[in-house]
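Before any comments, here is the structure.
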Amino acid sequence: MNSLDKRLQMSGFITFFLSGICSISSGIIVSLLQERYGFDYNVTGTLLSIMSIGNLMAGFATGVLPAKIGLKATIITLSAGYELGYLWLGISGWMSILVLSFLLIGFAKGSVINMCTILVSNHSENRAKGMNIMHSCYALGALICPFVIAGAGLIGPVVPMFTLGFLGLIMWIIFHLTPFEKKTAGKKEKTDWGFLKSKRFWLLTGLIFCQNAAETSVNGWLVTYFKGSGILSGTLSAYTVTVMWTATLIGRLLIAFVFPLKNPYTAMIKMGIGCTVFYIGLMMANNQVAAILLLFAFAFSMAGMNPTAVACAGKMTSVASIGVLLPAASFGGILMPWIIGIVSNIAGLKMGMAMNIISCVGMLIFCIAVKNLQSFVLIFVQFYQNLSFYLFENPI
């Protein structure tokens, strides 16, 4: 790996770490806003879904804009949403400002995910290892975000928002200093859309759709759920994010450095089974110890799902394919938090959170479908090789 590849890869690691802090903090911030302004569950779910809408829009934008204005201009423009969004959350409580702020935060989240995926995936000797390290950086940022917010909150109620905005500014500066590939003036590169014909691509998109639905719902609603159910106290519930992302970090580091996946398709099925079983257990938990242990197990099971699924795209990974796969999959992060909010208002928060079981089961189904498709391809290749050998070695 040359020095430029290392620098681009490191830029992806650092910026994804900062994005982990800024992105996952939104679940805690929305809980603070709910207490401050007295929102109902429907408003809370809507704000989280609006952030996912921004994530979706940014994903499509990062698939199209680089061909027109270049990678650097694209990420610098879109990633500014973190500093602007959190700054406005600290200044005003008007609903229009809150909606716009969460939309901008979603823009930043989506653009950083797509850009870091391209930076690390295309500049790593081992794609699966590089992706798991990158997502470990994100998990580390998510792990420490409650401490960042708690420390800033000691100074004042709006300081956490300003602190997150400042971290977003640091990330923006790093992107500004990163030596992205420059757009060649007067020349248009032909985009390869062949991946759209691949069944594996769409199965992986469905898998990540369900994974996004499950993860976004837990990240966005868990603090509110634990507070509302009385399982954990208000202060302690905020640190469940740390529990979740500690498990995620451990899982991703183990995959990257200790137990590399020999068969990623079989591994994803096992992850899907774990996510489903442990989330059902989490919904049945009624005491602190059981809730924390089951949350840890759920997060550990899901830790490698996203990076492994993206790595399975293999040679299909490009600005265009990521610009379709991740935004299309992010619909899950829009739909499920919104459904949880609606069901919670009608039937209670516990029933709303139970809807996320659908996401876990769907994720498992797509894992099985992807593996079966891979098995079919291997059988077909083996059959073709045997047939070719027979025809050429045993001519009639």
Side-chain angles (χ1 to χ4, degrees), residues 16-17 19-32 34-35 44 48 132 135-153 160 164 211-256 258 271-307 333 336-337 340 349-350 352-354 356-357 359-360 363:
F16 212 46
F17 163 74
S19 183
I21 300 176
C22 295
S23 174
I24 302 304
S25 292
S26 61
I28 302 175
I29 294 298
V30 78
S31 180
L32 297 177
Q34 183 188 41
E35 291 181 351
T44 302
L48 291 171
N132 273 285
H135 281 268
S136 295
C137 294
Y138 186 87
L140 180 60
L143 188 155
I144 68 174
C145 76
F147 301 99
V148 173
I149 294 174
L164 293 171
Q211 185 270 332
N212 278 344
E215 184 176 296
T216 303
S217 297
V218 172
N219 284 332
W221 276 103
L222 193 64
V223 174
T224 302
Y225 170 70
F226 279 147
K227 285 182 180 180
S229 63
I231 295 176
L232 297 176
S233 65
T235 302
L236 186 60
S237 62
Y239 289 93
T240 57
V241 175
T242 298
V243 173
M244 180 176 178
W245 287 99
T246 297
T248 302
L249 177 62
I250 292 172
R252 288 172 177 171
L253 289 176
L254 286 175
I255 293 174
V258 183
M271 294 176 198
I273 293 172
C275 289
T276 304
V277 171
F278 292 127
Y279 189 82
I280 293 174
L282 181 62
M283 290 297 97
M284 297 173 64
N286 55 13
N287 64 77
Q288 294 183 8
V289 175
I292 293 298
L293 290 177
L294 286 165
L295 173 62
F296 187 95
F298 167 77
F300 185 83
S301 298
M302 186 177 282
M305 186 68 78
N306 187 292
M336 190 50 67
I340 289 175
L349 185 55
K350 190 174 186 67
M353 289 295 288
N356 204 32
I357 295 173
S359 304
C360 296
M363 184 166 51

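Numbering of residues begins at 1 and proceeds along the displayed sequence.
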Interatomic spacing from CE in Met363 to CE in Met305 - rounded to 0.5 Å: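 Met363 atom CE to Met305 atom CE measures 4.5 Å (nearest 0.5 Å).
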Within the structure provided, determine whether [X] and [Y] are in side-chain contact (heavy-atom separation under 4.5 Å).
| X | Y | result |
| --- | --- | --- |
| Leu32 | Ile149 | yes |
| Ile250 | Phe296 | yes |
| Val218 | Met244 | yes |
| Met353 | Tyr279 | yes |
| Leu222 | Leu295 | yes |

With [X] via side-chain hydrogen bond (donor to acceptor under 3.5 Å, both in side chains) - residues at least two apart:
| X | answer |
| --- | --- |
| Asn356 | Ser359 |
| Ser301 | none |
| Ser26 | none |
| Ser136 | none |

Side-chain (Arg252) to main-chain (His135) donor-acceptor, under 3.5 angstrom: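 A pair under 3.5 Å: yes.
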Not counting sequence neighbours, which residues clear side chain to side chain contact (heavy atoms under 4.5 Å, CB included) with [X]? List them please.
| X | result |
| --- | --- |
| Asn287 | Val289, Ala290 |
| Leu140 | Phe17, Leu249 |
| Ile280 | Thr276, Met284, Ile357 |
| Ala297 | Phe278 |

Contacts of type ring-ring contact (aromatic ring centres under 6.0 Å, His included), residue Tyr138, not counting sequence neighbours: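 Applying ring-ring contact (aromatic ring centres under 6.0 Å, His included) to Tyr138 gives Phe16, Trp245.
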From CA spacing to verdict: side-chain contact (heavy atoms from CB on, under 4.5 Å), Val243, Leu143: CA-CA 7 Å; Val243 173; Leu143 188 155; over 6 Å; no
